[in-house]
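Chain A is the first sequence line, chain B the second, and so forth, proteins listed ahead of strands; every chain is numbered from 1. The model shown is predicted, which means the values in this text are computed figures rather than measured ones. As a basis for the values below, the full set of heavy atoms in this structure was taken, side chains included, without hydrogen atoms, waters or symmetry mates.
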Number of protein chains: 2
Amino acid sequence: MATRKVADNGGGEHRPAKRDPEGVRRDILSAAMEEFSLNGLSGGRIDEIAARTRTSKRMIYYYFGDKERLYERVLEEAYGKVRGGESDLGLDALEPVAALTKLCRFTFDHHRANPAFIRMVMIENIHHGRHLQHSETIRGLNRPAIEALETVLLRGQAEGQFRKGLEALELHWQISALSFFNVSNRATFTAIFGDGLFAGDGQEQLSRHVAEMVLRYVLTPDHVGAIAATGE
Amino acid sequence: MATRKVADNGGGEHRPAKRDPEGVRRDILSAAMEEFSLNGLSGGRIDEIAARTRTSKRMIYYYFGDKERLYERVLEEAYGKVRGGESDLGLDALEPVAALTKLCRFTFDHHRANPAFIRMVMIENIHHGRHLQHSETIRGLNRPAIEALETVLLRGQAEGQFRKGLEALELHWQISALSFFNVSNRATFTAIFGDGLFAGDGQEQLSRHVAEMVLRYVLTPDHVGAIAATGE
DNA sequence: CCTCATATTAACCAACCAGTACAGAACGCC
DNA sequence: GGCGTTCTGTACTGGTTGGTTAATATGAGG
C-alpha cells in the first residue's frame, strides 16, 4: 500500500504524482470556473468549489488568498482559454468576402461553444468590470481580433467590394453583440418567445444570417446582389 | 404629539398618510429593484433593501414572503415598466423604411435609458431564466413588439422594398442583440477596447449604424442604394 | 537521517444574513 | 369603546459561509 514513489500520472510526464502543486492549482481553477460561471461571484460557494476539487478548502486559500482573487484568476483563465483562435483562421489566404464570412461564423460558433466563458463575462459585467480593470493581463489579449478584422476590411475596401468609412472596432462590436447575445440571453429569450431560434436548425440559420447581416452592412450596394446567390 | 389623524402627505391626495400599504409595497419594490439590479439575487441584501426603505425589514417579509418571491416581483416590475413603448410609436403612420428605422433607434435608445432593466435581465439569464418561467405574467408582455415588427415587415415586402423570406422574430432578435449588448457589455468592452464607442457622439453613431445595419439587411439590393443618402 | 521550506489536513470561528417571535399600534366596524 | 383584522417595529436566532489556527505530512538538500 505504501506506494510513495514518483508514480506515473497517466500522462507519461515525469512529474511527481503526489505533491503536485501545479496540478492542484489547475484543479482548483477549473472547479472554481464551473462554480463561478454557474452561480456568479457572490453566489459561488468556496465550500462547493472545494468539494469539486480533490483537495481541501484550505488549499484554495493557500494558493489564491481569498475568494475575490480566485475569481479574478478564473476570469483571466476564461479569457485566456478563449483568446487566439482568430489568429489561426487563415483569413489572409481568403478573399475579403469569404474571410469576413468565416470570421463571423467562427465568432458565432465559438461563443456558442463556450458558454462558461460567456457567463463569466456576463457576471463580470454585472460587477461593472471592476475585476477586469484590475487585471493587466487580459486587456492586451483581444487586440489581435481587431487587427485581423482591420486587415480584412482594408483588403475589401482596396478591392472595392467594401464600403468606405467603416471602423473595425465598431464592426467587431456588432459581430460580438450578435454572437454574444445568442448565448447570454438564450434563457430569457426562450422563456418569452419559445425555442424556435435555438432548437433544430435554428442556430445554423442564425449563424448564417448573422454573417449575412454583417456582409450586407459592409458591402457596397452594387456588390450586395452577388451575396444573395451565396446566402441561399 | 398625538397627531393621529388623516394627515395630508404633501401630495394633496386624500389618501391616509399613515397606514399606506400600497405605498409601502411600491417603496419596497423600488428599493429592491435598485439593490437587486445592482448586486444580483444572491448578492442583494435584504437588510440593505430595508435600509433604503422608509419601513423595516419585517414589512418586506410581510408583503413579499421571502427573498426569492420579492426578486420575482421585481423582475415582473422591471419587464412591466419597460413594456408597451413600441405600441405608441405610431409606426403605422410611417412608410416601412422610416418605421423600421424608428423602431430600431427607439429600441436602442430605450435599452440605453433603462440600464436597471437590462441588468435585471442579465441577472435572470445568469439564473437560467428560472424565475421568468415561473411567472406567467411576463411571457405575454413582449408579443406586441413582435407583432408591430411583423406589420412593418409585411408592408415593406408588399411595397417591394424589403426582401422576402424574413422572419419578424429573428429580426427582433437581431435588433435586441445589438441594443442589449450595448448596455450589458459596456463595462468589459470599455475595459478592453476603451470607451470610444460610448463617449462623446459614439453612442449616437452606433445607434444610427445599428438602424442602418438592420435596414441594409432587410432591403432588396436595388433599394439599398437609396439608404446611403439618408444615412450620412 | 536531520532540517527546513513547501504543501496539506481537520477542526474551528466570527460575521453575516435570511427569516421569525412577539408585542403592539392603527384602522374599520358595530 | 370594544373587537377583530391589518399592519408595523424590535429583538432575536439558527444556519451558512468566508476565512483562520494549529498541527502535520512530504520532499529536497545537506
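With hydrogens and angles ignored, a donor-acceptor pair under 3.5 angstrom links the side chain of B:Lys57 to the base of C:dG19. No N or O donor and acceptor, one from the side chain of A:Lys67 and one from the base of D:dG19, sit under 3.5 Å apart.
Regarding contacts with the backbone of C:dG19, every side-chain N or O of B:Tyr62 stays at 4.0 angstrom or more from both OP1 and OP2. The phosphate of C:dT9 (OP1 or OP2) has a side-chain N or O of A:Ser56 nearer than 4.0 angstrom.
Rounding to whole angstrom units, CD of residue B:Glu22 and P of D:dT6 are separated by 16 Å. To the nearest angstrom, P of D:dT13 lies 17 Å from CZ of B:Arg58. In this structure, the CZ atom of A:Arg54 is 11 Å from the P atom of C:dT9, given to the nearest Å. The distance between atom OH of B:Tyr71 and atom C1' of C:dA18, rounded to the nearest whole Å, is 17 Å. Rounded to an integer number of Å, the gap from CD1 of A:Ile28 to C1' of C:dA7 is 11 Å. Atoms OH (B:Tyr61) and C1' (C:dA21) sit 14 Å apart, rounded to a whole Å. In this structure, B:Tyr63 places its OH atom 19 Å from P of C:dG19, rounding to the nearest Å.
Of all heavy-atom pairs between A:Ser179 and A:His111, the closest is O-CB, 3.8 Å. The two residues B:Ser42 and A:Asn39 have their closest heavy-atom pair at OG-O, 4.3 Å.
For the side chain to side chain donor-acceptor pair (under 3.5 Å) test with B:His131, the passing option among B:Glu124, B:Arg73, B:Glu72 is B:Glu124; the others fail.
Proximity note for B:Met59 (side chain, C-beta onward) versus D:dC7, D:dG18, C:dT9: the nearest is D:dC7.
In this structure, B:Phe36 has its ring center closer than 6.0 angstrom to the ring center of B:Tyr71.
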- request: For salt bridge (charged side-chain N to carboxylate O under 4.0 Å, His left out), just list the numbers for A:Arg119 and A:Glu34, CA-CA rounded to whole Å, side-chain angles, deciding distance to a tenth of an Å, and then say yes or no.
  value: CA-CA 10 Å; A:Arg119 293 175 64 84; A:Glu34 275 184 52; over 6 Å; no
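No side-chain donor from either of A:Thr53 and A:Asp27 sits under 3.5 Å from a side-chain acceptor of the other.
Residues satisfying the salt bridge (Lys or Arg N to Asp or Glu O under 4.0 Å) criterion with A:Asp195, sequence neighbours excluded, are absent altogether.
Looking at heavy-atom distances under 4.0 Å, B:Phe64 makes no contact with the nucleic acid at all.
For residues 38-49 of chain A, proximity to DNA chain D is found at A:Gly44, A:Arg45, A:Ile46, A:Asp47, defined as any non-hydrogen atom under 4.0 angstrom from a strand atom.
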